Structures are given as C-alpha cells and as structure tokens.
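Keep in mind that what you see is a predicted model, and the values were worked out from it rather than measured.
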Amino acid sequence: MNVKAIMCDIDGTLLSSEGVVTKKTVEMIKKAREKGTLFGLSTGRDVNSIQTLLGTWGIEGLVDMIVGTGGAEIYDYTLDISKAQYPLDGDLIKEIVKHYEDMDCNFAIPEDGIFIHQRMMNIFKIFLKGIEFLIRLLIIMNI
C-alpha cells in the first residue's frame with residue numbers, strides 16, 4: 001500500500017487520556033515520515049492554538065499540515081500556505097446568535113489565535129465602565 005498522507009484528529013485520537021502524545025505515537029509519526037508519508041492534524045480547534053501546542057506535545061517539526069476549525073482553516077508547512085474560509089455572511093451569523101440568545105450559549109469566533117466571544121465582550125464592557133469611572137474620578141479630583 002502506498003500511503004501519501006496520514007491525517008489525525010487530536011482530542012481522543014492523537015492525545016492520550018492524559019492529554020499528551022505518547023512516545024510510541026511520536027515514534028510512529030517519525031517512522032511514517034521517514035517513508036515519505038506526510039503527517040497532518042485535522043481538528044475542530046483553530047490552527048493557531050494547535051501551532052502553539054506542537055512543542056508541548058513533542059511533535060513540533062513533525063506536522064506537515066493542519067486542517068483546523070472543522071475545515072475552515074488550513075496551514076500547509078511544506079508550502080508555507082495559510083488559508084481560511086468562513087462562508088457565513090455576517091448578518092446570518094447575527095441571526096443565528098440572536099436565535100439562541102435565550103439559551104446558555106457562548107458563540108466564539110477565532111481570530112489570530114484569540115477566541116472572541118460574547119462573554120468576553122461583556123467582561124470588556126464592565127472593564128471599560130471601570131476605566132470610565134476612574135477617568136471621571138481623576139477629572140473631578142483635578143489630577
């Protein structure tokens with residue numbers, strides 16, 4: 001059999017129940033790559049967060065490609081190509097979020113390794129109110 005590439009899920013597949021990549025798994029990845037087989041990761045996680053964990057998992061330099069965010073992002077190390085495709089229109093996203101507003105949902109959008117979500121925006125609004133209060137206090141105190 002002439003296998004060209006192996007794509008592996010992360011949670012519950014690549015990672016052990018302890019959340020690590022075992023030495024045996026690393027050894028098998030290396031053996032596959034020595035035979036010319038490409039090794040990649042395919043996951044629901046975003047590409048940036050995976051890239052930051054490769055060293056921790058002990059597989060930095062062993063991954064040829066990452067398909068992240070359920071296929072919406074691709075990073076190819078062999079060609080140094082990064083692509084992202086988010087086909088939902090902004091108005092449709094707002095409509096979906098509004099539809100679920102009465103449920104305990106926390107929609108998140110990945111952007112450069114940061115997940116932007118409603119709860120974070122609410123915390124940010126509280127933070128801004130605190131800053132605004134401090135500025136007003138400083139003005140009143142003429143500082």
Side-chain angles (χ1 to χ4, degrees), residues 1-139 143:
M1 185 165 25
N2 189 11
V3 177
K4 302 283 185 193
I6 298 170
M7 295 300 291
C8 184
D9 184 30
I10 294 175
D11 299 300
T13 306
L14 176 71
L15 300 179
S16 71
S17 57
E18 290 81 34
V20 299
V21 179
T22 66
K23 290 180 183 179
K24 179 79 172 173
T25 300
V26 173
E27 182 183 314
M28 292 296 108
I29 294 169
K30 287 179 180 178
K31 282 186 179 183
R33 293 185 85 242
E34 286 170 5
K35 292 180 180 180
T37 303
L38 298 171
F39 178 74
L41 302 173
S42 183
T43 179
R45 297 185 190 199
D46 68 295
V47 168
N48 187 277
S49 68
I50 296 307
Q51 290 173 320
T52 62
L53 291 167
L54 294 177
T56 302
W57 292 335
I59 57 172
E60 192 166 35
L62 299 177
V63 176
D64 296 295
M65 73 218 66
I66 300 171
V67 177
T69 318
E73 299 178 296
I74 298 172
Y75 190 86
D76 185 326
Y77 285 95
T78 60
L79 300 173
D80 193 28
I81 295 174
S82 177
K83 298 280 182 186
Q85 177 68 30
Y86 305 105
L88 294 180
D89 176 71
D91 289 334
L92 179 58
I93 292 171
K94 288 178 188 175
E95 187 178 323
I96 292 168
V97 171
K98 183 163 180 52
H99 177 78
Y100 289 96
E101 69 186 356
D102 62 334
M103 298 180 186
D104 188 23
C105 295
N106 188 25
F107 290 96
I109 301 168
E111 181 66 30
D112 295 326
I114 298 170
F115 276 99
I116 301 167
H117 54 85
Q118 188 61 42
R119 290 183 186 143
M120 178 177 60
M121 295 306 293
N122 291 341
I123 291 168
F124 187 66
K125 286 177 187 175
I126 292 168
F127 175 75
L128 287 177
K129 284 182 181 180
I131 295 294
E132 182 181 346
F133 172 77
L134 287 174
I135 291 171
R136 287 182 182 179
L137 185 62
L138 292 173
I139 291 170
I143 296 176

With sequence neighbours left out, what residues match E101 under salt bridge (Lys or Arg N to Asp or Glu O under 4.0 Å)?
K98
Stepwise side chain to side chain contact (heavy atoms under 4.5 Å, CB included) test for L41 and V67
CA-CA 6 Å; L41 302 173; V67 177; over 6 Å; no
Going by heavy atoms in the side chains, are L15 and V21 under 4.5 Å from each other?
yes
Positive for side chain to side chain contact (heavy atoms under 4.5 Å, CB included) with W57, one of I50, V20, T25:
I50
What distance do M65 atom CE and T78 atom OG1 have between them, rounded to the nearest 0.5 Å?
6.5 Å
Checking salt bridge (Lys or Arg N to Asp or Glu O under 4.0 Å) for the pair K30/E34: CA distance, chi angles, key distance, verdict?
CA-CA 6 Å; K30 287 179 180 178; E34 286 170 5; over 6 Å; no
Before accepting this row, confirm whether a basic side-chain N of the pair K31/E27 lies closer than 4.0 Å to the acidic partner's carboxylate O.
yes
Taking all non-hydrogen atoms of both residues into account, name the closest pair between T22 and S16 and its distance.
CG2-CB, 4.1 Å
With side chains defined as the heavy atoms from C-beta onward, is the minimum distance between I59 and V26 less than 4.5 Å?
yes
Set out, in order, the CA-CA distance, both residues' side-chain angles and the distance that settles side chain to side chain contact (heavy atoms under 4.5 Å, CB included) for E73 and N48, then state yes or no.
CA-CA 10 Å; E73 299 178 296; N48 187 277; over 6 Å; no
Taking all non-hydrogen atoms of both residues, which atom of I6 and which atom of A32 are closest, and how far apart?
CD1-CB, 3.9 Å
Which atom of T13 lies closest to which atom of D9, heavy atoms considered
CB-O, 3.4 Å
Residues forming a ring pair (Phe, Tyr, Trp, His ring centres under 6.0 Å) with Y77, sequence neighbours excluded
Y75
Measure the spacing between CD1 of I29 and CG of L62 and express it to the nearest 0.5 Å.
6.0 Å
Could you report the tightest heavy-atom contact between T69 and D46, atom names first, then the distance?
OG1-CA, 3.3 Å
Heavy-atom closest pair (M7 atom, S42 atom, distance to 0.1 Å) is CE-CB, 4.0 Å
Closest approach of C8 to L14 (non-hydrogen atoms, all atoms of both residues):
SG-CB, 3.8 Å
Rounding to 0.5 Å, atoms CG (D76) and CG (L38) come to a distance of 8.0 Å
Evaluate R33 against D64 for side chain to side chain contact (heavy atoms under 4.5 Å, CB included), listing each step before the verdict.
CA-CA 9 Å; R33 293 185 85 242; D64 296 295; 2.9 Å; yes
If you define the side chain from C-beta out and look only at heavy atoms, does anything of K35 sit under 4.5 Å from V3?
no
